[in-house]
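Numbered from 1 within each chain, the chains take letters A, B, ... in sequence-line order. It should be emphasised that the depicted structure is a prediction, and the values quoted were computed from it without experimental measurement.
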Protein chains: 2
Amino acid sequence: MSTAHLEDRPTPGRVGDVRKQNLALVLRNVHPNVQTTRAQLAAETGLTKASVSSLVADLLDAGLLTEVGITRDGERGRPGVGLALNPLRGALGAEVNVDYLGVGVVDLNGNLHFQETTERHNSGSSPEEVLGALRLMTKRAADAASDAGIVLLGGGLAVPGLVDADRNYVSTAPNLGWTGVELSGELGALLPHSPFGVTLSNEANSAALAELWYGQGVSFRAYLYISGEVGVGGGLIIDSQLFTGPAGHAGEIGHSVVQPKGPKCTCGGHGCLETFAGQEAIFSASGIGDGPTGHRMAQLLTALAAGDPRPLAAVEEAGYYLGVATATTARLMNVAAVVLGGHFSLLEEWIRPALQQSVDEFAPGVVAPDAVAFSALRQTAALMGAAGSSLRRALANPQELVP
Amino acid sequence: MSTAHLEDRPTPGRVGDVRKQNLALVLRNVHPNVQTTRAQLAAETGLTKASVSSLVADLLDAGLLTEVGITRDGERGRPGVGLALNPLRGALGAEVNVDYLGVGVVDLNGNLHFQETTERHNSGSSPEEVLGALRLMTKRAADAASDAGIVLLGGGLAVPGLVDADRNYVSTAPNLGWTGVELSGELGALLPHSPFGVTLSNEANSAALAELWYGQGVSFRAYLYISGEVGVGGGLIIDSQLFTGPAGHAGEIGHSVVQPKGPKCTCGGHGCLETFAGQEAIFSASGIGDGPTGHRMAQLLTALAAGDPRPLAAVEEAGYYLGVATATTARLMNVAAVVLGGHFSLLEEWIRPALQQSVDEFAPGVVAPDAVAFSALRQTAALMGAAGSSLRRALANPQELVP
DNA sequence: ACCTATAGTTCAGAACGAAAACTAATTGCG
DNA sequence: CGCAATTAGTTTTCGTTCTGAACTATAGGT
């Protein structure tokens, strides 16, 4: 669970653990969409050719690797047998958000298949109702995967709330109106009989990981991800891993104090980033009235394009305070990049200059212009991250699939 | 190097690595000042008695453990042979600060011996001069240790600046006036012929670790340490480890933005915590003129005790902004405790209420009153942390001492 | 054809922990 | 007092895994 700070008693090192570790080591050196050979893996891992051959044999049995014919590189010597990640292994990704449901399948090479998004107002619906609706969608995706010959190793479900992944428990999801929900049964029903099961995750955290694996974050090893949805969520990627903090809830950038004299926040504090950069804050500061989110966002974009001063000022203020929070985080956590997703990626044109100027004002020289990126994954970010986490679990524990 | 985010190629798991891991595992289960036995270690680690016996034999050979006679617990059965951390193994700790030098020896049980502090105005002196003066002190400490039969396994040197421990390099220490200093030679001369050598560290980080191992932090697994010296430094302890961030410079709480409209800071930004809670800020807001730090601090404490309103307001403001930074960090990093050291521990009486009120205002319910602690280690914190890091290195790599 | 270079396999050997049988030292109880 | 019960620790055998060296396989160059 990626930098998970769990209380797991250090297991005694058995001789068999060495193999477990080396299976994962070999697998880590097979990159998506790139062929390799046993000899190359031996050179990269430092293992002997004999060991690599034995490990690869297990990984082929496990179905994680496939042989893809002879690699002819024109050089002298016997050509190697091509090895690649098996494109017929994947994981299910699913997302419950406030106004939509999403599912999809991601294979080991990172390709997204059978993606489907349905608009649905989930706020207020019971978890059973929502997951019932979601189950119809995951059934379709799983059947389509099966028809295409793709075996699903596991799955992930992202929700906009605080989760305890080990207990399949959503402690609170304010924007859904959920509190203290245990989902073991529902998660099992989403994807029966998969070796790695379905795991819960926080939506912003999963989106942050999706950027790392499949999006803007691929060029950074460490960054702050800020997701603009109804609330302002965050995910910290440190050393190419999600930083979850001691209790698993790190990255709550939405409640950084950016203006001690600022307005009251729903969290009980005041002057939080969310009170300046959350959807409601931007809409109301722009003078946009109530209505469906999509409609209000369209209004906002139109007004911005027309050069209307009130929305421009509102978005600039959001960018300014995003910069304050980014500057503090950059100094505190020693990260030098930031990726913005959710509604912020729609507002890139107006947010980017304000944010950059603000960061440079509060932490000069720390965040370079090309270290500010905006997500292109849109509504698939969270589900791709959830599926990706599941795939990483499989790749990190290949011995569980060896017969 | 404790949650060090280094680019180390994952080593292939060899069969021998299992022993290395199990040597460290057994050692981790021998706690300072507590006797144990082979049988108890077997139960705690999950290893078989046979394996533990063999591992313990190596650790005795390495000099890390000692047998301390028969443990009679009055119960039936053969009594076990007592095992304990060898009190005759230790590490040297040293600190260069702006106005003093400190050395000491810490043994495996955490006891501090031969501690010596010398007032010395190091700001402006060349690194060679300062380390020359320090070497005289470390020589005395090493000789005293030797006379007492204590073998020094390694050492640590804490400095108030950004360091690259792997390269023995101080990139910048503004308050010493050092920039780009390479200290390999000097470090080697401080403690010749020790198996683990002398390692550089940041002073606030080492102090944070000293609190974890030997001070207030023992009751927390995760906290923010804030050190008030000339600057405001910080250290983040997450999951009982120092969080260093991707480039090793995390924890710079002094330059969190706590008031966007605040005054200019030496870092180039403005509204940083340091501009409200640094020594200079507190002195000048209190109306205390120039002079030696010790003298000014005495003046401040006298004025506070007398109820002088200006210093009271200055210290309360420092506490208020410490609370803002703590609230943000608590939410962002998911830590729920804070430990204050340096000059803040002298000001506890006045800082504590202001800080607690501020934290509760900005992040209600996140930091409990008994999760705010003040350091009692004073001037020994950094050197104990530096020595402790060295000891931890030895305990984590016992196989290097096995003959 | 023959040499060289590279890929991959086979087999003996060493290191290690697991499991079980064994020895050692103590208490409790008849 | 003596024997059973109990706990501590050691010895022996075994299976797993990696390493290293020898071996086979397959290509290009001359």
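- Applying the salt bridge (Lys or Arg N to Asp or Glu O under 4.0 Å) test to residues at least two apart or on different chains, none of the pairs has a partner in residues 77-88 of chain B.
- In terms of the side chain to side chain contact (heavy atoms under 4.5 Å, CB included) criterion, residue partners of B:E67 (sequence neighbours excluded) are, by chain and number, B:R38, B:L60, B:V81, B:L83.
- Remark: the backbone N or O of A:Q216 is paired with a side-chain donor or acceptor of A:E211 at under 3.5 angstrom.
- The separation between A:R19 atom CZ and D:dG15 atom P is 17 Å, rounded to whole Å.
- By the side chain to side chain contact (heavy atoms under 4.5 Å, CB included) test, A:N109 pairs with A:P32, A:N33, A:L85, A:P87, A:D107, A:N111, sequence neighbours left out.
- A straight line from CZ of A:R14 to C1' of D:dC18 spans 19 Å, rounded to a whole angstrom.
- Whole-Å rounding puts the A:D17 CG to D:dC18 P distance at 11 Å.
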Check the interface with nucleotides 5-10 of chain D: list each N/O to N/O pair with the protein under 3.5 Å, or write none.
unit_1: D:dT6; atom_1: O2; unit_2: B:G77; atom_2: N; d: 3.4
unit_1: D:dT7; atom_1: O2; unit_2: B:R78; atom_2: N; d: 2.8
unit_1: D:dA8; atom_1: O4'; unit_2: B:R78; atom_2: O; d: 3.1
unit_1: D:dA8; atom_1: N3; unit_2: B:R78; atom_2: NH1; d: 3.0
unit_1: D:dG9; atom_1: OP1; unit_2: B:V81; atom_2: N; d: 2.5
unit_1: D:dG9; atom_1: OP2; unit_2: B:R38; atom_2: N; d: 3.2
unit_1: D:dG9; atom_1: OP2; unit_2: B:A39; atom_2: N; d: 2.9
unit_1: D:dG9; atom_1: N7; unit_2: B:K49; atom_2: NZ; d: 2.6
unit_1: D:dG9; atom_1: O6; unit_2: B:K49; atom_2: NZ; d: 2.9
unit_1: D:dT10; atom_1: OP2; unit_2: B:S53; atom_2: OG; d: 2.2

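- Heavy-atom nearest nucleotides on DNA chain D were determined for A:I70 and for A:L55, and the one closer to the 5' end corresponds to A:L55.
- When the P atom of D:dT17 is taken as reference, atom CG of A:D58 falls 8 Å away, rounded to whole Å.
- For the pair B:S51 and C:dA18, the criterion of a side-chain N or O lying under 4.0 Å from OP1 or OP2 is met.
- Scored by the side chain to side chain contact (heavy atoms under 4.5 Å, CB included) test, A:S184 finds A:N168, A:E182 as partners (sequence neighbours excluded).
- We find that CD of A:Q399 is positioned 15 Å from C1' of D:dT16, with the value rounded to whole Å.
- Residue pairs meeting the side-chain hydrogen bond (donor to acceptor under 3.5 Å, both in side chains) criterion with at least one member in residues 50-62 of chain B, sequence neighbours excluded, are B:R19-B:S54, B:R19-B:D58, B:T48-B:S51.
- Distances shown here put a side-chain N or O of A:N22 below 4.0 Å from the OP1 or OP2 atom of D:dC18.
- If you check every strand for non-hydrogen atoms under 4.0 Å, B:V18 touches sugar and phosphate atoms only.
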